Amino acid sequence: AQSVSQHNHHVILSEAASLELGCNYSYGGTVNLFWYVQYPGQHLQLLLKYFSGDPLVKGIKGFEAEFIKSKFSFNLRKPSVQWSDTAEYFCAVMGTSGTYKYIFGTGTRLKVLA
Amino acid sequence: NAGVMQNPRHLVRRRGQEARLRCSPMKGHSHVYWYRQLPEEGLKFMVYLQKENIIDESGMPKERFSAEFPKEGPSILRIQQVVRGDSAAYFCASSPVPRGQKAEAFFGQGTRLTVV
């Protein structure tokens, strides 16, 4: 069965600090990987996605993620966070066999201090 | 271009009543997913539907919960005889392509169910 682990549940950073949020997944085959962001009171929005090709993926708002197949990881990074990045971040995986559902991690709440 | 539409946004039900949550996918999307979100628990997969078909309901509680996605009209998540533990945010997502192809899910604003 697919599963996703996000080890950092709460992260507090000052503006301009660098961000890295961990995501590890469990799945035996090829996967599609996603990071979503949920701003307070809003719905989930896609930050970036990986299907194949270059394992370093660029997303919106200066975010990027790197797929490391050997580590089953898809960590999210941003060199310099802003107060407006305060939100909850979800990593998700979709296996490429079976029923193709999206499985989400428990999320990481990021608070950026101005 | 309307996104995924969920209604109502907020729903209050007394214990024992029925809750009906509606989801209209994005235009052209024929795949719908329902998720439940509880604080500190992330998004829990409930059910994956295609028009007139349940593809995967492995995350649905065995009793009181059902879902449908008819040929015409929105997808409905139905919770019978609600209990306090059903209080949560329920999110619907839709996807545009057949199973196995590369696409992200697009999410609605969610329905916050409160059982009193």
Side-chain angles (χ1 to χ4, degrees), chain A residues 1-10 21-25 27 29-53 57 59-60 65 67 74 87-109, chain B residues 2-7 9-10 21 23-26 29-50 53-60 67 69 88-112:
Chain A
Q2 303 165 51
S3 66
V4 179
S5 296
Q6 292 182 244
H7 307 296
N8 316 103
H9 297 296
H10 294 89
L21 301 182
C23 172
N24 288 88
Y25 66 91
Y27 183 73
T30 305
V31 290
N32 298 323
L33 296 159
F34 310 86
W35 274 97
Y36 283 83
V37 61
Q38 185 179 30
Y39 297 103
Q42 295 190 27
H43 63 289
L44 275 80
Q45 302 169 44
L46 183 72
L47 268 181
L48 47 78
K49 59 193 176 188
Y50 172 80
F51 294 140
S52 63
V57 179
I60 61 171
F67 171 49
F74 190 55
E88 190 160 16
Y89 293 81
F90 293 93
C91 180
V93 62
M94 178 206 270
T96 55
S97 63
T99 58
Y100 307 101
K101 60 196 178 207
Y102 301 87
I103 299 298
F104 285 80
T106 51
T108 298
R109 287 183 186 268
Chain B
V4 178
M5 303 300 292
Q6 288 189 250
N7 66 80
R9 291 289 307 278
H10 300 275
L21 288 62
C23 170
S24 296
M26 284 182 72
H29 290 195
S30 58
H31 299 258
V32 165
Y33 305 80
W34 284 95
Y35 292 84
R36 178 162 60 179
Q37 186 179 32
L38 290 164
E40 308 296 328
E41 292 190 18
L43 284 147
K44 295 289 190 187
F45 169 78
M46 299 182 74
V47 63
Y48 167 25
L49 309 110
Q50 197 177 348
N53 274 317
I54 296 175
I55 307 299
D56 186 330
E57 56 182 347
S58 59
M60 288 279 270
F69 189 17
Y90 292 84
F91 286 93
C92 169
S94 72
S95 175
V97 296
R99 285 179 279 162
Q101 295 190 29
K102 299 172 181 179
E104 65 266 30
F106 294 80
F107 279 81
Q109 299 268 19
T111 294
R112 298 196 180 275

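A note on names: the letters A, B, ... follow the listed sequences, proteins ahead of strands, and every chain is numbered from 1. Predicted, not measured: the structure shown is a model, and the values here were computed from it.
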Check each atom of A:Gln38 against the heavy atoms of chain B and say whether the ones under 4.5 Å are side chain, backbone, both or neither. side chain

For B:Glu104 and A:Tyr36, work out which heavy atoms get closest and say how close. CB-OH, 3.6 Å

Part of B:Glu41 within contact of chain A (heavy atom distance under 4.5 Å): backbone

Please examine the side chains of A:Phe104 and B:Gln37, heavy atoms only from C-beta on, and report whether any two atoms are closer than 4.5 Å. no

Chain B contacts, top residue of A:Arg109, A:Gln6, A:His10 (heavy-atom pairs, under 4.5 Å): A:His10

Nearest-0.5 Å distance that lies between atom CZ in B:Phe45 and atom NZ in A:Lys101: 5.0 Å

Side chain, backbone, both or neither: which part of A:Glu88 has a non-hydrogen atom closer than 4.5 Å to chain B? side chain

Measuring from A:Leu46:CG to B:Phe106:CZ, what's the distance to the nearest 0.5 Å? 7.5 Å

Looking at A:Met94 and B:Tyr33, what are the two nearest heavy atoms and their distance? CE-OH, 4.2 Å

So, for B:Ala103 and A:Phe34, which heavy atoms are closest and what is the spacing to 0.1 Å? O-CZ, 3.6 Å

